[in-house]
Amino acid sequence: MGAAAAALTGQTRAASSTRPNIVLLYADDLGYGDLSCYGSRIPTPRIDELAQHGVRFTQFCSASSVCSPARAALLTGRYPARTGVLGVLGPGDDGGISPTEETLAELLQSAGYRTGCFGKWHLGATPGYLPNDCGFEEFLGLPYSHDMWPRPLMHNRDVIESPARVENLTPAFTEAAVRFIGDHKREPFFVYLPYTAPHIPLAVAKRFRGKTPGGAYGATLRELDWSVDEVVNAIDEAGVGENTLVLFSSDNGPWYQGSNGPLRGRKRETLEGGVRVPLIARMPGRLPAGATQDGFCSALDVLPTVANVAGVPLPGNPLDGADIWPLLSGTTSEGGDSHRDVFLYFDHLNIQCARMGNWKLHVTRYDSPAWVPRPAAGRTSLPLRPELYHLVDDPTESYDVAEENPAVVGKILDGIREQLHRLPEFVQWTWNDTMARKTEWIPAGALPIQKTQ
(Lines give C-alpha, C1' and ligand atoms only; values in the text may rest on other atoms or scores of the structure.)
Protein backbone atom coordinates (compact mmCIF):
# COMPACT_ATOMS: atom_id res chain seq x y z
CA MET A 1 0.00 0.00 0.00
CA GLY A 2 1.39 3.42 -0.98
CA ALA A 3 1.64 6.42 1.33
CA ALA A 4 -1.37 8.15 -0.23
CA ALA A 5 -3.51 5.02 0.01
CA ALA A 6 -2.42 4.47 3.60
CA ALA A 7 -3.32 8.05 4.48
CA LEU A 8 -6.74 7.66 2.85
CA THR A 9 -7.39 4.43 4.74
CA GLY A 10 -6.42 6.15 7.98
CA GLN A 11 -8.80 9.02 7.25
CA THR A 12 -11.60 6.57 6.48
CA ARG A 13 -11.05 4.73 9.75
CA ALA A 14 -10.88 7.96 11.72
CA ALA A 15 -14.10 9.18 10.12
CA SER A 16 -15.84 5.88 10.88
CA SER A 17 -14.54 5.40 14.41
CA THR A 18 -18.05 5.76 15.83
CA ARG A 19 -19.43 3.04 13.59
CA PRO A 20 -20.59 0.00 15.54
CA ASN A 21 -18.37 -3.05 15.81
CA ILE A 22 -19.64 -6.41 14.56
CA VAL A 23 -18.79 -9.73 16.23
CA LEU A 24 -20.20 -12.83 14.54
CA LEU A 25 -19.82 -16.07 16.52
CA TYR A 26 -20.68 -19.09 14.39
CA ALA A 27 -20.82 -22.62 15.78
CA ASP A 28 -20.41 -25.74 13.61
CA ASP A 29 -23.23 -28.34 13.65
CA LEU A 30 -24.79 -26.84 16.80
CA GLY A 31 -28.38 -28.05 16.98
CA TYR A 32 -31.49 -26.01 17.75
CA GLY A 33 -31.83 -27.83 21.07
CA ASP A 34 -28.17 -27.79 22.16
CA LEU A 35 -28.22 -24.67 24.35
CA SER A 36 -29.89 -24.56 27.74
CA CYS A 37 -31.74 -21.35 26.76
CA TYR A 38 -33.28 -23.45 23.96
CA GLY A 39 -34.21 -26.32 26.26
CA SER A 40 -31.03 -28.41 26.57
CA ARG A 41 -30.18 -30.21 29.81
CA ILE A 42 -26.51 -29.41 29.16
CA PRO A 43 -25.84 -26.07 30.85
CA THR A 44 -24.57 -23.20 28.71
CA PRO A 45 -24.82 -20.36 31.27
CA ARG A 46 -22.66 -17.80 29.45
CA ILE A 47 -24.56 -18.12 26.18
CA ASP A 48 -27.79 -18.01 28.20
CA GLU A 49 -26.54 -14.77 29.74
CA LEU A 50 -25.96 -13.39 26.25
CA ALA A 51 -29.63 -14.13 25.54
CA GLN A 52 -30.70 -12.54 28.83
CA HIS A 53 -29.04 -9.31 27.72
CA GLY A 54 -30.27 -9.53 24.14
CA VAL A 55 -32.74 -11.14 21.77
CA ARG A 56 -33.24 -14.88 21.27
CA PHE A 57 -34.80 -16.02 17.99
CA THR A 58 -36.98 -19.13 17.70
CA GLN A 59 -37.52 -19.16 13.90
CA PHE A 60 -34.06 -18.52 12.46
CA CYS A 61 -32.89 -20.73 9.58
CA SER A 62 -29.57 -21.34 7.92
CA ALA A 63 -29.50 -21.12 4.14
CA SER A 64 -28.21 -24.70 3.84
CA SER A 65 -28.12 -27.91 5.84
CA VAL A 66 -24.36 -28.38 5.26
CA CYS A 67 -21.23 -26.36 6.08
CA SER A 68 -19.73 -24.65 3.04
CA PRO A 69 -22.94 -23.49 1.32
CA ALA A 70 -24.27 -22.18 4.63
CA ARG A 71 -21.13 -20.08 5.16
CA ALA A 72 -21.18 -18.74 1.61
CA ALA A 73 -24.76 -17.59 2.09
CA LEU A 74 -24.00 -16.04 5.49
CA LEU A 75 -21.15 -13.91 4.14
CA THR A 76 -22.88 -12.83 0.91
CA GLY A 77 -26.60 -12.56 1.71
CA ARG A 78 -27.29 -14.73 -1.33
CA TYR A 79 -28.52 -18.27 -1.88
CA PRO A 80 -25.60 -20.72 -2.11
CA ALA A 81 -26.63 -21.58 -5.68
CA ARG A 82 -25.56 -18.06 -6.68
CA THR A 83 -22.18 -18.05 -4.92
CA GLY A 84 -20.39 -20.94 -6.62
CA VAL A 85 -20.43 -23.02 -3.41
CA LEU A 86 -22.92 -25.82 -3.99
CA GLY A 87 -21.48 -28.53 -1.74
CA VAL A 88 -18.93 -29.19 0.97
CA LEU A 89 -15.42 -28.09 -0.06
CA GLY A 90 -12.40 -30.18 0.87
CA PRO A 91 -8.62 -30.09 0.60
CA GLY A 92 -8.67 -31.53 -2.92
CA ASP A 93 -11.09 -28.97 -4.33
CA ASP A 94 -10.02 -26.02 -6.42
CA GLY A 95 -11.99 -22.81 -6.23
CA GLY A 96 -14.39 -21.61 -3.58
CA ILE A 97 -16.63 -18.63 -3.09
CA SER A 98 -16.86 -16.85 -6.43
CA PRO A 99 -14.62 -13.80 -6.93
CA THR A 100 -17.69 -11.99 -8.29
CA GLU A 101 -19.22 -12.08 -4.81
CA GLU A 102 -18.68 -9.26 -2.33
CA THR A 103 -18.41 -10.67 1.18
CA LEU A 104 -19.48 -9.00 4.38
CA ALA A 105 -15.81 -8.63 5.27
CA GLU A 106 -15.05 -6.84 1.99
CA LEU A 107 -18.04 -4.59 2.49
CA LEU A 108 -16.91 -3.55 5.97
CA GLN A 109 -13.22 -3.38 5.10
CA SER A 110 -13.94 -0.90 2.32
CA ALA A 111 -15.67 1.29 4.91
CA GLY A 112 -12.61 1.36 7.18
CA TYR A 113 -13.28 -1.64 9.41
CA ARG A 114 -10.46 -3.83 10.71
CA THR A 115 -11.44 -7.39 9.83
CA GLY A 116 -10.38 -10.68 11.40
CA CYS A 117 -11.42 -14.30 10.84
CA PHE A 118 -10.48 -16.80 13.55
CA GLY A 119 -11.65 -20.36 13.03
CA LYS A 120 -12.92 -22.66 10.29
CA TRP A 121 -13.10 -21.04 6.84
CA HIS A 122 -14.35 -23.82 4.52
CA LEU A 123 -14.91 -21.55 1.52
CA GLY A 124 -11.84 -22.39 -0.52
CA ALA A 125 -8.37 -23.64 0.39
CA THR A 126 -6.38 -22.53 -2.65
CA PRO A 127 -4.79 -19.15 -3.44
CA GLY A 128 -7.41 -16.60 -4.40
CA TYR A 129 -10.09 -18.12 -2.18
CA LEU A 130 -8.62 -17.91 1.33
CA PRO A 131 -9.90 -15.43 3.95
CA ASN A 132 -7.16 -12.91 3.14
CA ASP A 133 -8.48 -12.90 -0.45
CA CYS A 134 -12.06 -12.30 0.72
CA GLY A 135 -11.82 -9.20 2.88
CA PHE A 136 -10.09 -10.38 6.06
CA GLU A 137 -6.83 -8.67 6.93
CA GLU A 138 -6.00 -11.33 9.53
CA PHE A 139 -6.80 -15.03 9.56
CA LEU A 140 -5.98 -17.69 12.11
CA GLY A 141 -7.66 -20.99 11.51
CA LEU A 142 -8.28 -23.96 9.26
CA PRO A 143 -8.96 -23.66 5.54
CA TYR A 144 -11.54 -26.46 5.75
CA SER A 145 -13.18 -28.76 8.30
CA HIS A 146 -11.11 -30.30 11.10
CA ASP A 147 -12.26 -33.81 10.12
CA MET A 148 -10.38 -33.39 6.82
CA TRP A 149 -6.70 -34.15 6.35
CA PRO A 150 -4.03 -32.83 6.76
CA ARG A 151 -5.82 -30.25 8.98
CA PRO A 152 -3.37 -27.35 8.65
CA LEU A 153 -3.57 -24.46 11.09
CA MET A 154 -2.82 -21.26 9.19
CA HIS A 155 -1.91 -17.73 10.12
CA ASN A 156 -2.86 -15.65 7.13
CA ARG A 157 -1.39 -17.62 4.20
CA ASP A 158 1.23 -19.57 6.17
CA VAL A 159 0.80 -23.02 7.70
CA ILE A 160 2.00 -22.86 11.31
CA GLU A 161 0.99 -26.36 12.45
CA SER A 162 0.03 -29.53 10.60
CA PRO A 163 -1.87 -31.45 11.66
CA ALA A 164 -3.42 -29.05 14.15
CA ARG A 165 -4.32 -30.50 17.54
CA VAL A 166 -8.10 -30.44 17.86
CA GLU A 167 -8.07 -29.84 21.64
CA ASN A 168 -6.18 -26.58 21.07
CA LEU A 169 -8.42 -25.11 18.39
CA THR A 170 -11.16 -23.35 20.36
CA PRO A 171 -8.68 -21.79 22.83
CA ALA A 172 -6.46 -20.63 19.95
CA PHE A 173 -9.35 -19.06 18.04
CA THR A 174 -10.65 -17.42 21.21
CA GLU A 175 -7.27 -15.98 22.17
CA ALA A 176 -6.78 -14.53 18.69
CA ALA A 177 -10.24 -12.94 18.67
CA VAL A 178 -9.76 -11.44 22.14
CA ARG A 179 -6.39 -10.01 21.13
CA PHE A 180 -7.82 -8.54 17.92
CA ILE A 181 -10.60 -6.81 19.86
CA GLY A 182 -8.11 -5.33 22.29
CA ASP A 183 -5.78 -4.17 19.53
CA HIS A 184 -8.53 -2.42 17.55
CA LYS A 185 -10.90 -1.15 20.24
CA ARG A 186 -10.39 2.45 19.05
CA GLU A 187 -11.33 1.56 15.47
CA PRO A 188 -14.43 -0.10 14.04
CA PHE A 189 -13.81 -3.83 13.81
CA PHE A 190 -15.45 -6.94 12.43
CA VAL A 191 -14.60 -10.23 14.13
CA TYR A 192 -15.83 -13.44 12.51
CA LEU A 193 -15.26 -16.44 14.78
CA PRO A 194 -16.45 -19.61 12.99
CA TYR A 195 -15.79 -22.37 15.53
CA THR A 196 -14.96 -25.95 14.65
CA ALA A 197 -17.08 -27.02 17.64
CA PRO A 198 -19.22 -28.99 18.18
CA HIS A 199 -18.56 -30.74 14.84
CA ILE A 200 -16.86 -34.13 15.24
CA PRO A 201 -14.15 -35.17 16.04
CA LEU A 202 -14.60 -33.94 19.59
CA ALA A 203 -11.59 -32.96 21.69
CA VAL A 204 -11.39 -30.18 24.27
CA ALA A 205 -8.79 -28.72 26.59
CA LYS A 206 -8.29 -30.80 29.73
CA ARG A 207 -9.85 -28.24 32.08
CA PHE A 208 -13.26 -28.71 30.44
CA ARG A 209 -13.43 -32.50 30.62
CA GLY A 210 -15.76 -34.38 32.94
CA LYS A 211 -17.38 -31.29 34.43
CA THR A 212 -20.75 -31.32 32.71
CA PRO A 213 -23.35 -33.89 31.62
CA GLY A 214 -23.32 -35.20 28.09
CA GLY A 215 -19.85 -36.77 27.95
CA ALA A 216 -17.50 -35.46 25.27
CA TYR A 217 -20.29 -33.52 23.58
CA GLY A 218 -21.22 -31.81 26.84
CA ALA A 219 -17.58 -30.91 27.43
CA THR A 220 -17.40 -29.42 23.93
CA LEU A 221 -20.44 -27.25 24.62
CA ARG A 222 -18.91 -26.18 27.94
CA GLU A 223 -15.76 -25.04 26.15
CA LEU A 224 -17.81 -23.25 23.50
CA ASP A 225 -19.75 -21.52 26.27
CA TRP A 226 -16.46 -20.44 27.88
CA SER A 227 -15.22 -19.03 24.58
CA VAL A 228 -18.33 -16.92 24.05
CA ASP A 229 -17.89 -15.53 27.56
CA GLU A 230 -14.24 -14.68 26.90
CA VAL A 231 -15.11 -12.78 23.73
CA VAL A 232 -18.02 -10.88 25.27
CA ASN A 233 -15.90 -9.99 28.30
CA ALA A 234 -13.18 -8.68 25.99
CA ILE A 235 -15.73 -6.45 24.27
CA ASP A 236 -17.01 -5.08 27.57
CA GLU A 237 -13.55 -4.64 29.08
CA ALA A 238 -12.51 -2.69 25.98
CA GLY A 239 -15.34 -0.28 26.77
CA VAL A 240 -17.16 -0.88 23.48
CA GLY A 241 -20.02 -3.09 24.64
CA GLU A 242 -22.76 -0.60 23.81
CA ASN A 243 -21.27 -0.01 20.37
CA THR A 244 -20.89 -3.68 19.41
CA LEU A 245 -23.48 -5.93 17.79
CA VAL A 246 -22.80 -9.52 18.87
CA LEU A 247 -24.47 -12.31 16.89
CA PHE A 248 -24.28 -15.99 17.86
CA SER A 249 -25.57 -18.74 15.58
CA SER A 250 -24.75 -22.05 13.85
CA ASP A 251 -24.22 -23.15 10.26
CA ASN A 252 -26.77 -25.99 10.30
CA GLY A 253 -28.45 -28.54 12.54
CA PRO A 254 -26.76 -31.36 14.48
CA TRP A 255 -25.02 -34.28 12.83
CA TYR A 256 -24.61 -37.63 14.65
CA GLN A 257 -24.56 -36.00 18.08
CA GLY A 258 -26.35 -32.96 19.38
CA SER A 259 -30.00 -32.09 19.78
CA ASN A 260 -32.54 -30.82 17.29
CA GLY A 261 -34.91 -30.03 20.19
CA PRO A 262 -38.54 -30.54 19.21
CA LEU A 263 -37.79 -30.56 15.49
CA ARG A 264 -37.64 -33.40 12.97
CA GLY A 265 -34.56 -33.94 10.81
CA ARG A 266 -30.83 -33.34 11.20
CA LYS A 267 -27.85 -32.05 9.26
CA ARG A 268 -28.06 -32.74 5.50
CA GLU A 269 -31.87 -32.60 5.59
CA THR A 270 -34.18 -29.72 4.76
CA LEU A 271 -36.58 -30.74 7.50
CA GLU A 272 -36.46 -28.06 10.19
CA GLY A 273 -34.04 -29.97 12.40
CA GLY A 274 -31.43 -29.72 9.65
CA VAL A 275 -31.73 -25.99 9.02
CA ARG A 276 -33.29 -24.21 11.99
CA VAL A 277 -30.59 -23.01 14.38
CA PRO A 278 -30.18 -20.69 17.35
CA LEU A 279 -29.70 -16.97 16.85
CA ILE A 280 -28.90 -14.66 19.73
CA ALA A 281 -28.18 -10.95 19.27
CA ARG A 282 -26.87 -8.47 21.85
CA MET A 283 -26.32 -4.72 21.57
CA PRO A 284 -27.01 -2.98 24.90
CA GLY A 285 -29.06 0.17 24.59
CA ARG A 286 -30.15 -0.58 21.03
CA LEU A 287 -31.63 -4.07 21.35
CA PRO A 288 -34.08 -5.12 24.06
CA ALA A 289 -32.78 -7.34 26.87
CA GLY A 290 -34.29 -10.74 27.55
CA ALA A 291 -36.54 -10.64 24.49
CA THR A 292 -37.75 -13.62 22.48
CA GLN A 293 -38.45 -13.09 18.80
CA ASP A 294 -40.71 -15.56 16.97
CA GLY A 295 -40.61 -13.88 13.57
CA PHE A 296 -39.02 -15.87 10.76
CA CYS A 297 -35.63 -14.82 9.36
CA SER A 298 -32.56 -16.48 7.91
CA ALA A 299 -28.78 -16.30 7.60
CA LEU A 300 -29.31 -14.50 4.29
CA ASP A 301 -30.49 -11.52 6.33
CA VAL A 302 -27.25 -11.06 8.27
CA LEU A 303 -25.35 -9.12 5.59
CA PRO A 304 -28.08 -6.56 4.75
CA THR A 305 -28.83 -6.07 8.45
CA VAL A 306 -25.18 -5.52 9.37
CA ALA A 307 -24.78 -3.17 6.41
CA ASN A 308 -27.66 -1.09 7.75
CA VAL A 309 -26.28 -1.05 11.30
CA ALA A 310 -22.80 -0.13 10.07
CA GLY A 311 -24.07 2.45 7.61
CA VAL A 312 -22.30 0.95 4.60
CA PRO A 313 -23.65 0.50 1.05
CA LEU A 314 -25.01 -2.86 -0.04
CA PRO A 315 -23.11 -4.97 -2.61
CA GLY A 316 -23.90 -4.62 -6.28
CA ASN A 317 -25.16 -8.19 -6.62
CA PRO A 318 -28.90 -8.69 -5.95
CA LEU A 319 -29.46 -10.00 -2.43
CA ASP A 320 -31.79 -12.76 -1.31
CA GLY A 321 -31.75 -11.54 2.29
CA ALA A 322 -33.33 -8.47 3.82
CA ASP A 323 -32.64 -6.05 6.64
CA ILE A 324 -34.24 -7.51 9.78
CA TRP A 325 -33.31 -4.70 12.16
CA PRO A 326 -37.04 -4.19 12.97
CA LEU A 327 -37.14 -7.81 14.18
CA LEU A 328 -33.91 -7.38 16.18
CA SER A 329 -34.98 -4.13 17.78
CA GLY A 330 -38.50 -5.34 18.51
CA THR A 331 -40.29 -2.69 16.47
CA THR A 332 -42.10 -5.50 14.66
CA SER A 333 -42.74 -9.17 15.38
CA GLU A 334 -43.56 -10.06 11.79
CA GLY A 335 -41.20 -12.25 9.81
CA GLY A 336 -41.49 -14.37 6.69
CA ASP A 337 -43.44 -12.58 3.98
CA SER A 338 -43.11 -9.24 5.78
CA HIS A 339 -39.71 -8.89 4.11
CA ARG A 340 -39.63 -11.63 1.44
CA ASP A 341 -42.22 -13.47 -0.58
CA VAL A 342 -40.91 -17.01 -0.29
CA PHE A 343 -37.75 -18.44 1.29
CA LEU A 344 -36.20 -21.36 -0.60
CA TYR A 345 -34.51 -24.42 0.92
CA PHE A 346 -31.92 -26.03 -1.34
CA ASP A 347 -30.24 -29.43 -1.50
CA HIS A 348 -27.22 -28.42 -3.57
CA LEU A 349 -28.86 -27.87 -6.99
CA ASN A 350 -32.45 -28.67 -6.08
CA ILE A 351 -35.16 -26.57 -4.52
CA GLN A 352 -36.63 -28.92 -1.93
CA CYS A 353 -38.91 -26.70 0.14
CA ALA A 354 -40.20 -23.16 0.35
CA ARG A 355 -41.45 -21.15 3.30
CA MET A 356 -44.01 -18.36 3.35
CA GLY A 357 -44.63 -16.94 6.78
CA ASN A 358 -45.30 -19.93 9.03
CA TRP A 359 -46.18 -22.22 6.12
CA LYS A 360 -43.59 -24.62 4.68
CA LEU A 361 -44.11 -26.60 1.47
CA HIS A 362 -42.00 -29.66 0.64
CA VAL A 363 -41.83 -30.17 -3.11
CA THR A 364 -38.95 -32.68 -3.26
CA ARG A 365 -36.89 -34.66 -0.78
CA TYR A 366 -33.55 -35.42 -2.41
CA ASP A 367 -31.47 -35.31 0.74
CA SER A 368 -30.37 -38.75 1.92
CA PRO A 369 -29.12 -38.80 5.52
CA ALA A 370 -26.06 -40.85 6.36
CA TRP A 371 -27.92 -42.82 9.02
CA VAL A 372 -30.71 -44.27 6.79
CA PRO A 373 -30.54 -46.42 3.66
CA ARG A 374 -30.39 -44.47 0.42
CA PRO A 375 -33.82 -44.58 -1.25
CA ALA A 376 -34.29 -46.77 -4.29
CA ALA A 377 -33.70 -45.09 -7.62
CA GLY A 378 -36.56 -43.09 -9.03
CA ARG A 379 -39.78 -42.13 -7.38
CA THR A 380 -39.07 -42.79 -3.69
CA SER A 381 -37.02 -39.62 -3.32
CA LEU A 382 -40.06 -37.46 -4.12
CA PRO A 383 -43.25 -36.89 -2.14
CA LEU A 384 -46.40 -38.14 -3.89
CA ARG A 385 -47.57 -34.52 -3.90
CA PRO A 386 -46.49 -31.29 -2.22
CA GLU A 387 -46.53 -31.60 1.56
CA LEU A 388 -47.62 -28.53 3.52
CA TYR A 389 -46.89 -27.92 7.19
CA HIS A 390 -47.72 -25.08 9.54
CA LEU A 391 -44.52 -24.69 11.54
CA VAL A 392 -46.08 -23.03 14.58
CA ASP A 393 -48.93 -25.50 14.97
CA ASP A 394 -46.80 -28.43 13.78
CA PRO A 395 -43.05 -27.78 14.37
CA THR A 396 -42.21 -31.47 13.80
CA GLU A 397 -43.60 -31.36 10.24
CA SER A 398 -45.76 -34.39 11.01
CA TYR A 399 -49.22 -33.39 9.80
CA ASP A 400 -49.50 -32.65 6.10
CA VAL A 401 -52.31 -30.13 5.51
CA ALA A 402 -51.85 -29.52 1.77
CA GLU A 403 -55.22 -30.97 0.86
CA GLU A 404 -57.02 -28.60 3.22
CA ASN A 405 -55.10 -25.54 2.02
CA PRO A 406 -54.82 -25.61 -1.79
CA ALA A 407 -54.70 -21.82 -2.01
CA VAL A 408 -51.63 -21.70 0.24
CA VAL A 409 -49.95 -24.45 -1.79
CA GLY A 410 -50.66 -22.59 -5.00
CA LYS A 411 -49.36 -19.28 -3.65
CA ILE A 412 -46.08 -20.84 -2.48
CA LEU A 413 -45.61 -22.63 -5.81
CA ASP A 414 -46.21 -19.33 -7.59
CA GLY A 415 -43.58 -17.76 -5.33
CA ILE A 416 -41.04 -20.45 -6.25
CA ARG A 417 -41.66 -19.99 -9.95
CA GLU A 418 -41.47 -16.22 -9.67
CA GLN A 419 -37.97 -16.52 -8.18
CA LEU A 420 -36.77 -19.11 -10.69
CA HIS A 421 -36.07 -16.65 -13.49
CA ARG A 422 -33.71 -14.71 -11.20
CA LEU A 423 -31.72 -17.80 -10.20
CA PRO A 424 -28.91 -19.52 -12.15
CA GLU A 425 -30.01 -21.57 -15.15
CA PHE A 426 -28.97 -24.87 -13.58
CA VAL A 427 -31.49 -24.28 -10.77
CA GLN A 428 -34.21 -23.83 -13.38
CA TRP A 429 -33.09 -26.99 -15.19
CA THR A 430 -33.13 -29.12 -12.06
CA TRP A 431 -36.54 -27.75 -11.06
CA ASN A 432 -38.05 -28.54 -14.45
CA ASP A 433 -36.44 -31.98 -14.45
CA THR A 434 -37.87 -32.70 -11.01
CA MET A 435 -41.33 -31.53 -11.98
CA ALA A 436 -41.22 -33.59 -15.19
CA ARG A 437 -40.29 -36.80 -13.39
CA LYS A 438 -42.80 -36.10 -10.67
CA THR A 439 -45.75 -35.74 -13.00
CA GLU A 440 -44.88 -39.00 -14.75
CA TRP A 441 -46.16 -41.07 -11.84
CA ILE A 442 -48.14 -38.76 -9.56
CA PRO A 443 -51.32 -40.65 -8.55
CA ALA A 444 -54.66 -39.79 -10.00
CA GLY A 445 -56.56 -37.30 -7.85
CA ALA A 446 -53.47 -35.82 -6.20
CA LEU A 447 -52.88 -32.10 -6.43
CA PRO A 448 -51.25 -31.52 -9.84
CA ILE A 449 -48.11 -29.49 -10.43
CA GLN A 450 -47.56 -28.00 -13.85
CA LYS A 451 -44.08 -27.83 -15.37
CA THR A 452 -42.50 -24.40 -15.32
CA GLN A 453 -42.09 -23.03 -18.81
Side-chain angles (χ1 to χ4, degrees), residues 59 61-65 79-81 253 263-266 268-276 296 298 300 320 335-337 340-369 372 374-424 426-453:
Q59 295 281 336
C61 274
S62 173
S64 175
S65 64
Y79 286 122
L263 307 174
R264 185 157 66 106
R266 301 179 77 81
R268 297 186 180 275
E269 296 179 276
T270 47
L271 291 160
E272 286 296 287
V275 292
R276 196 187 304 182
F296 171 67
S298 86
L300 298 173
D320 298 304
D337 54 5
R340 69 163 60 81
D341 293 328
V342 168
F343 173 77
L344 304 178
Y345 300 68
F346 284 85
D347 170 35
H348 305 315
L349 307 178
N350 304 287
I351 297 172
Q352 293 206 138
C353 316
R355 177 164 177 165
M356 181 181 69
N358 290 319
W359 295 103
K360 182 177 178 184
L361 187 73
H362 289 251
V363 291
T364 67
R365 193 166 296 131
Y366 282 119
D367 43 19
S368 181
V372 299
R374 182 173 292 277
R379 50 188 277 177
T380 55
S381 62
L382 303 173
L384 294 179
R385 58 173 172 77
E387 298 172 0
L388 181 69
Y389 303 99
H390 192 278
L391 294 178
V392 173
D393 296 340
D394 179 23
T396 61
E397 297 168 272
S398 297
Y399 301 96
D400 176 16
V401 292
E403 188 172 344
E404 299 93 323
N405 297 277
V408 175
V409 172
K411 189 172 182 180
I412 296 176
L413 287 171
D414 287 344
I416 294 173
R417 292 169 183 140
E418 193 280 328
Q419 288 193 56
L420 274 172
H421 75 277
R422 302 196 302 269
L423 293 169
F426 64 79
V427 176
Q428 302 175 41
W429 297 337
T430 57
W431 170 265
N432 289 334
D433 178 65
T434 292
M435 294 301 103
R437 288 190 288 115
K438 190 172 190 175
T439 54
E440 287 172 3
W441 55 268
I442 194 167
L447 190 67
I449 299 181
Q450 301 300 320
K451 288 178 62 176
T452 303
Q453 301 299 318

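Note that this is a predicted model, so its numbers are computed, not measured.
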Nearest heavy atoms of [X] and [Y], plus distance in Å:
{"X": "S398", "Y": "T396", "value": "OG-OG1, 2.7 Å"}
{"X": "K360", "Y": "T270", "value": "NZ-O, 2.6 Å"}
{"X": "T364", "Y": "M435", "value": "CG2-CE, 4.5 Å"}
{"X": "S65", "Y": "V275", "value": "CB-CG1, 3.9 Å"}
{"X": "L344", "Y": "A354", "value": "CD2-CB, 4.0 Å"}
{"X": "R355", "Y": "N358", "value": "NH2-OD1, 3.5 Å"}

Out of curiosity, [X] [atom1] to [Y] [atom2], how far, rounded to the nearest 0.5 Å?
{"X": "Q428", "Y": "L349", "atom1": "CD", "atom2": "CG", "answer": "13.0 Å"}
{"X": "Q352", "Y": "H362", "atom1": "CD", "atom2": "NE2", "answer": "9.0 Å"}
{"X": "L300", "Y": "S62", "atom1": "CG", "atom2": "OG", "answer": "8.5 Å"}
{"X": "N405", "Y": "W359", "atom1": "CG", "atom2": "CH2", "answer": "4.0 Å"}
{"X": "R266", "Y": "L271", "atom1": "CZ", "atom2": "CG", "answer": "12.0 Å"}

Any [X] side-chain heavy atom under 4.5 Å of [Y] side chain:
{"X": "S64", "Y": "F346", "answer": "no"}
{"X": "H421", "Y": "R417", "answer": "no"}
{"X": "Q419", "Y": "I351", "answer": "no"}
{"X": "M356", "Y": "D341", "answer": "no"}

For this session: Determine whether the side chains of E272 and Y345 contain a donor N or O and an acceptor N or O closer than 3.5 Å.
Result: yes

For this session: Identify which one of V363, T430, V427 satisfies the side-chain contact (heavy atoms from CB on, under 4.5 Å) criterion when paired with N350.
Result: T430

For this session: On the 0 to 90° scale, with breaks at 30° and 60°, tag the Y79-F343 ring pair as parallel, tilted or perpendicular.
Result: tilted

Exercise. Are more than 12 heavy atoms from other residues, nucleotides or ligands located less than 6.0 Å from atom CD of E403?
Worked result: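 For E403, atom CD is not crowded (no more than 12 foreign heavy atoms under 6.0 Å).
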
Exercise. Heavy-atom count around F426 CZ within 6.0 Å, excluding the residue itself: above 12?
Worked result: yes

For this session: Just jot down the ring pair (Phe, Tyr, Trp, His ring centres under 6.0 Å) partners of H348, sequence neighbours excluded, or say none.
Result: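 Here no residue qualifies.
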
Problem set entry | From CA spacing to verdict: side-chain contact (heavy atoms from CB on, under 4.5 Å), I416, D414 | CA-CA 5 Å; I416 294 173; D414 287 344; over 6 Å; no

